[in-house]
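Heads up: the structure comes next, in structure tokens.
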Amino acid sequence: MLDFNKYQIETRKTKIYSDDIIYPSLGLSGEVGELMNQIKKIYRDDNGKISTVRKTDLKKEIGDVLWYLARVADDLDIDLTEAVEINLDKLSSRMDRGKIGGSGDNR
């Protein structure tokens, strides 16, 4: 199994764009839209049930989202593993303080 750092490095091998952050940012947005489209189809076409085929399609879209996310982080020189650890620490702190619900980054 790959960790986030290794995955981030592996995505460099399939990068075919310049170092402009715009391409992977737009790609990330598009892939999140494709993921949401698969979720929409669960309710529109599959009566709210996740079929084996749909689950495979969801996995592919999640993989595409992760690729673009890793590229955005890498192009910004942000260690993806570090970002994940910061996120988990933030969420743990919110849970400990009873602030997991609600809105706002600094709660």
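Note that the numbering runs from 1 along the sequence shown for the chain. In this text the structure is predicted, and so the values were computed from the model without any measurement.
- The CD1 atom of Ile42 sits 10.0 Å away from atom CG of Asp57, with the distance rounded to the nearest 0.5 Å.
- Interatomic distance, Leu76 CG to Ile21 CD1, rounded to the nearest 0.5 Å: 4.0 Å.
- Rounded to the nearest 0.5 Å, atoms CZ (Arg12) and OH (Tyr7) are 13.0 Å apart.
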In a table with atom names and distances, give each donor-acceptor pair under 3.5 Å that connects a side chain of residues 43-50 to protein atoms at least two apart or in another chain.
from: Asp46; atom 1: OD2; to: Arg54; atom 2: NE; distance (Å): 2.8
from: Asp46; atom 1: OD2; to: Arg54; atom 2: NH2; distance (Å): 3.1

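- When atom types are taken as modelled, the side chain of Thr56 and the backbone of Thr52 share a donor-acceptor pair closer than 3.5 angstrom.
- The backbone N or O of Thr81 lies less than 3.5 Å from no partner atom in the side chain of Gln8, so there is not a single donor-acceptor pair.
- The cluster map of Ile, Leu, Val, Met, Phe, Trp and Tyr, joined by side-chain heavy atoms under 4.5 Å apart, puts Phe4 and Leu91 in different clusters.
- The salt bridge (charged side-chain N to carboxylate O under 4.0 Å, His left out) contacts involving residues 21-42 comprise nothing, where partners must be two or more places apart or lie in separate chains.
- More than 12 heavy-atom neighbours from other residues, nucleotides or ligands sit within 6.0 angstrom of CG on Leu88.
- Considering only heavy atoms from C-beta on, Lys6 comes within 4.5 Å of Asp3 through its side chain.
- Remark: Ile86 CD1 to Asp79 CG distance equals 9.0 Å, nearest 0.5 Å.
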Please tabulate, for side-chain N and O atoms in residues 61-72, each donor-acceptor pair with protein atoms closer than 3.5 Å (sequence neighbours left out).
from: Trp67; atom 1: NE1; to: Thr14; atom 2: OG1; distance (Å): 2.9
from: Tyr68; atom 1: OH; to: Tyr23; atom 2: OH; distance (Å): 3.4
from: Arg71; atom 1: NE; to: Tyr17; atom 2: OH; distance (Å): 3.1
from: Arg71; atom 1: NH1; to: Thr11; atom 2: OG1; distance (Å): 3.0
from: Arg71; atom 1: NH1; to: Asp74; atom 2: OD2; distance (Å): 2.9
from: Arg71; atom 1: NH2; to: Asp74; atom 2: OD2; distance (Å): 3.1
from: Arg71; atom 1: NH2; to: Asp75; atom 2: OD1; distance (Å): 2.8

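- No more than 12 heavy atoms of other residues, nucleotides or ligands lie within 6.0 Å of NZ in Lys60, so this atom counts as exposed by the packing criterion.
- Rounding to the nearest 0.5 Å gives a distance of 8.5 Å between CG of Leu58 and OG of Ser51.
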